[in-house]
Colleague: 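What follows is a structure written as structure tokens; I'll ask about it next.
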Protein chains: 2
Amino acid sequence: MPPQRRPALVTLREVAARSGVSIATASRALAGDTAISEPTRLRVAEAAQHLSYRPNAGARSLRTRSSMLIGVLVPTSGDGYYGEVVAAIEHRSRQLGYQVLLAMSHFETEREHEALETFLSQRVDAVISVSPIGPEDAMGISSAAMLTSVIINWDVAVRQRLVDRVASGADRGLATSVAQLAPVGPNHVRFDDTAGAATATRHLVQSGHRQFVFVCGAVTRSSVLRLLGFRQTLSAAGLWPQPVIQPAEATLAARQQAVADFLRTARPPLAVVAYDDLTAIAAIRAAHEAGWSVPSDVSVVGIDDIELAQYTWPSLTTVAQPKAEIGALAVEAVLGARRRAGQLLEGTLIKRESTAEATSTATSTKSTSTKSAGTKTGASTKAGARSTTGARTRVR
Amino acid sequence: MPPQRRPALVTLREVAARSGVSIATASRALAGDTAISEPTRLRVAEAAQHLSYRPNAGARSLRTRSSMLIGVLVPTSGDGYYGEVVAAIEHRSRQLGYQVLLAMSHFETEREHEALETFLSQRVDAVISVSPIGPEDAMGISSAAMLTSVIINWDVAVRQRLVDRVASGADRGLATSVAQLAPVGPNHVRFDDTAGAATATRHLVQSGHRQFVFVCGAVTRSSVLRLLGFRQTLSAAGLWPQPVIQPAEATLAARQQAVADFLRTARPPLAVVAYDDLTAIAAIRAAHEAGWSVPSDVSVVGIDDIELAQYTWPSLTTVAQPKAEIGALAVEAVLGARRRAGQLLEGTLIKRESTAEATSTATSTKSTSTKSAGTKTGASTKAGARSTTGARTRVR
DNA sequence: TTGTACGCGTTATCAG
DNA sequence: CTGATAACGCGTACAA
């Protein structure tokens, strides 16, 4: 790409000349300096207007050491959730006078590094990283460069073993492991995954469901935390353990297939807590294909509340993430407009059509059973067994 | 926002000092100038690496008159379609060494102007505007500033009258009016809306459908062009006129309601061509709520192919826009990497589950009727009549 | 209240 | 092959 040499735009010098003042005075007048007489200010403003003068951000940045740029790193914007968060960030940034420099990692660590480098080069004033894969590195770079940064929903890969431990009944030391995963650093803005999943699960428990299943997302921190919320709620209700579906691949197609496999061994009424809305929609598809009806046979709840959740059939009951607030908070935090302290934001249950009271109309083996009797239901799969599609269904 | 004074990053001067060469030599070495001895180049590179030197983009831009920045303006990124296009643009831009400065208009002309101003201030090398409301202005500004720009899917508001003319049978001078709307300027990259809708409609015609309805989006250019494709195809098949649903409001909820109203007066089998995928999904909802089954009673086809289209129930038959290609093409065009000529890109039919052969099982009043007999079907609404929700259903 | 002059970090020109 | 030096456009101490 040979960047062709284009003619320079109007500069302050020209504005000054036209209004018959020095370049310094022009600068001050445009900046709203009070020590400038009204007449001159007007003349300068008029000249600037007439010449359609636009201050050169690069030059200004060079001089002031502030680019008024904020680097935003996301995996992609072609996804309902990230796209909405980016929109929120852009909105608040602009209100505060900042521009957004956007970079996407496409879920690749290599790309993240590149993005950070370019942010550094552009001398952005701050960085907001939404759900990077390798945030330690990212933060390493930017903190070394003394760049203020905020991470939204830090979603790092975790060990499969951890997922297994949460999915199984094992409790020893779990609290500690998870606590290490969950801290909200001073530069973190996070959706409370655990509480969100708990809210979703509780809704189903209160609707009389006894037979549950959780559908994991990728092997990431947020997935583990949501699974944990699922488990905690059911434990408190005396309904643990329950099966956990964990697709071998991180694709939506794999999740759908894994749910389909699971349904073959299950009987209504069933309650599905999905990792997120996309997963929930895929689960609903799987249910329909298997001839189950939603929500009478199976209730499905998602998490996130993407825009489309209200238009699917049936529309999706979900726990809404306060995306606009998350974005705004991140911007304010990173710009120092508010006390920089970790933020943990709660979700809100949105009841729609994909969940209903558990009815024992179907040939459910048990419906009002208590803990010991009702827990082994549904999946007859052996613990750790791999289904044909590679999904693991852990019952215990 | 008082942008706090942060310490400067490493500069070329320091790199030069550390490698024992002049600042000029350091610059050349890093730029890969061939007139630099290998040893010095290495020394400089090593020093830069060690100090984690990042060239200051602002300073460079000041000097070279090229910011390597490309301004991207979209209505929002929180929407499946735009988000995907932005992702495509970002991807290709980065490949070519450019960064993306993102701004959103949120469908407001005022915001668009602000965005263009900031682009000018940042001295972006090019502007890509995706579907702005007032592109004439936008292009006025940027062309006046000699900024190369490209518009993707220029989606400007049109007169209601034009929609009415297309929806009704009126043909006189229509071709001309539309032609004025459709030109692909040298700085346009556009999806062929008319051909796309035609493809969608043809699919339904070939499936044996005789009773159609088109669901409009907002009163915009793309909506009119798609409606035109619908009409042309049906005319060619001797099936015109057909009803056209045009919601009074541009919201998805309004579209859903308008379809619901329409269905009350219709009988299966029906073929629905929706303005876009979102509209199609809303239409499917309306059908389900009205007790129609999709696709056996009503076939629904969308346009765009957003990611979620494959996961809804039933999954959506649609005409896919080549979003990645559109984004890449726009970037290349605007950067002069390819002959700058208007581009009109075709869509591809993706058959999924929301459409099926028309079966006359239902109590359809007519199914194999020819033009004159079959055209007044379905909507008994009078031309121009406003239903309770304010949607207009034009039969002729 | 206004003007002068310097420097922010780079690249490019011109010598050597 | 390398070094000194002049811009690029702006903001701001310092002077007037």
Side-chain angles (χ1 to χ4, degrees), chain A residues 2-44 47-48 51-69 120-125 145, chain B residues 2-3 5-44 47-48 51-69 120-123 125 145:
Chain A
Q4 66 272 33
R5 196 181 196 85
R6 278 174 299 93
L9 288 190
V10 178
T11 81
L12 201 49
R13 185 211 305 286
E14 302 174 52
V15 175
R18 189 171 213 278
S19 36
V21 297
S22 79
I23 181 174
T25 302
S27 173
R28 284 189 276 247
L30 260 20
D33 191 316
T34 53
I36 292 287
S37 73
E38 202 52 26
T40 37
R41 179 201 313 314
L42 283 174
R43 283 219 314 290
V44 174
L51 301 172
S52 23
Y53 166 75
R54 306 285 165 231
N56 183 318
R60 178 179 280 173
S61 151
L62 203 55
R63 184 59 237 243
T64 63
R65 295 184 132 34
S66 164
S67 60
M68 300 305 276
L69 243 35
L120 251 24
S121 240
Q122 295 288 347
R123 300 297 192 265
V124 299
D125 288 339
Chain B
R5 198 182 196 85
R6 277 173 299 93
L9 288 190
V10 177
T11 80
L12 203 47
R13 185 212 302 288
E14 303 173 53
V15 175
R18 188 171 215 277
S19 35
V21 297
S22 78
I23 180 176
T25 302
S27 174
R28 285 189 277 245
L30 260 19
D33 192 316
T34 53
I36 291 286
S37 74
E38 202 51 27
T40 37
R41 182 204 307 317
L42 283 174
R43 281 218 316 288
V44 174
L51 300 172
S52 24
Y53 165 76
R54 306 286 164 230
N56 183 317
R60 177 179 282 173
S61 151
L62 201 55
R63 186 58 235 234
T64 62
R65 297 188 125 47
S66 165
S67 61
M68 299 305 276
L69 244 35
L120 252 23
S121 242
Q122 295 289 348
R123 300 297 193 266
D125 289 338

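Chain A is the first sequence line, chain B the second, and so forth, proteins listed ahead of strands; every chain is numbered from 1. These numbers come from the heavy atoms of this one structure, side chains and all, not from hydrogens, waters or symmetry mates.
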Colleague: Could you tell me the separation between the CZ atom of A:Arg60 and the C1' atom of D:dC8, rounded to a whole number of Å?
Modeller: 16 Å
Colleague: Taking side chain as C-beta onward, heavy atoms only, is A:Tyr53 less than 4.5 Å from A:Leu9?
Modeller: no
Colleague: Atom OG1 in B:Thr64, atom CG in B:Asp125: separation rounded to 0.5 Å?
Modeller: 8.0 Å
Colleague: Could you check whether any side-chain heavy atom of A:Gln122 comes within less than 4.5 Å of a side-chain heavy atom of B:Leu69, counting everything from C-beta outward?
Modeller: yes
Colleague: Could you tell me which residues satisfy salt bridge (Lys or Arg N to Asp or Glu O under 4.0 Å) with A:Arg60, sequence neighbours excluded, listed by chain and number?
Modeller: none
Colleague: Report the distance from atom CG of A:Asn56 to atom P of C:dT10, rounded to the nearest whole Å.
Modeller: 16 Å
Colleague: Check the distance between D:dG11's P and B:Leu62's CG and give it to me in whole angstrom.
Modeller: 12 Å
Colleague: Given atom CZ of A:Arg63 and atom C1' of C:dG9, what is their separation to the nearest angstrom?
Modeller: 13 Å
Colleague: Taking CG from A:Leu12 and P from D:dG11, how many angstroms apart are they, rounded to a whole number?
Modeller: 7 Å
Colleague: Do the non-hydrogen side-chain atoms of B:Leu42 and B:Pro39 ever get within less than 4.5 Å of each other?
Modeller: no
Colleague: Under a 4.5 Å cut-off applied to non-hydrogen side-chain atoms, are B:Thr11 and B:Asn56 in contact?
Modeller: no
Colleague: Identify, with sequence neighbours excluded, every residue that meets salt bridge (Lys or Arg N to Asp or Glu O under 4.0 Å) alongside B:Arg28.
Modeller: none
Colleague: Where along residues 20-38 of chain A does a heavy atom fall under 4.0 Å from DNA chain D?
Modeller: A:Ala24, A:Ser27, A:Arg28
Colleague: Write down the distance between CZ (A:Arg13) and P (C:dG3), rounded to a whole number of angstrom.
Modeller: 15 Å
Colleague: Between B:Ser61 and C:dT10, is there a contact of a side-chain N or O with OP1 or OP2 at under 4.0 Å?
Modeller: no
Colleague: To the nearest angstrom, how far is A:Tyr53 atom OH from D:dG9 atom P?
Modeller: 10 Å
Colleague: End-to-end bend of the helix from C:dT1-D:dA16 to C:dG16-D:dC1 (five-pair axes, 10° rounding)?
Modeller: 40°
Colleague: Identify, with sequence neighbours excluded, every residue that meets side-chain contact (heavy atoms from CB on, under 4.5 Å) alongside A:Ser52.
Modeller: A:Arg54
Colleague: Return the value, rounded to whole Å, for the distance between atom CZ of B:Arg65 and atom C1' of D:dC8.
Modeller: 7 Å
Colleague: Hey, can you pull the donor-acceptor pairs under 3.5 Å for the side chains in residues 20-27 of chain A, sequence neighbours left out?
Modeller:
residue, atom, partner, partner atom, Å
A:Ser22, OG, A:Ala24, N, 3.3
A:Ser22, OG, A:Thr25, N, 3.2
A:Ser22, OG, A:Thr25, OG1, 3.1

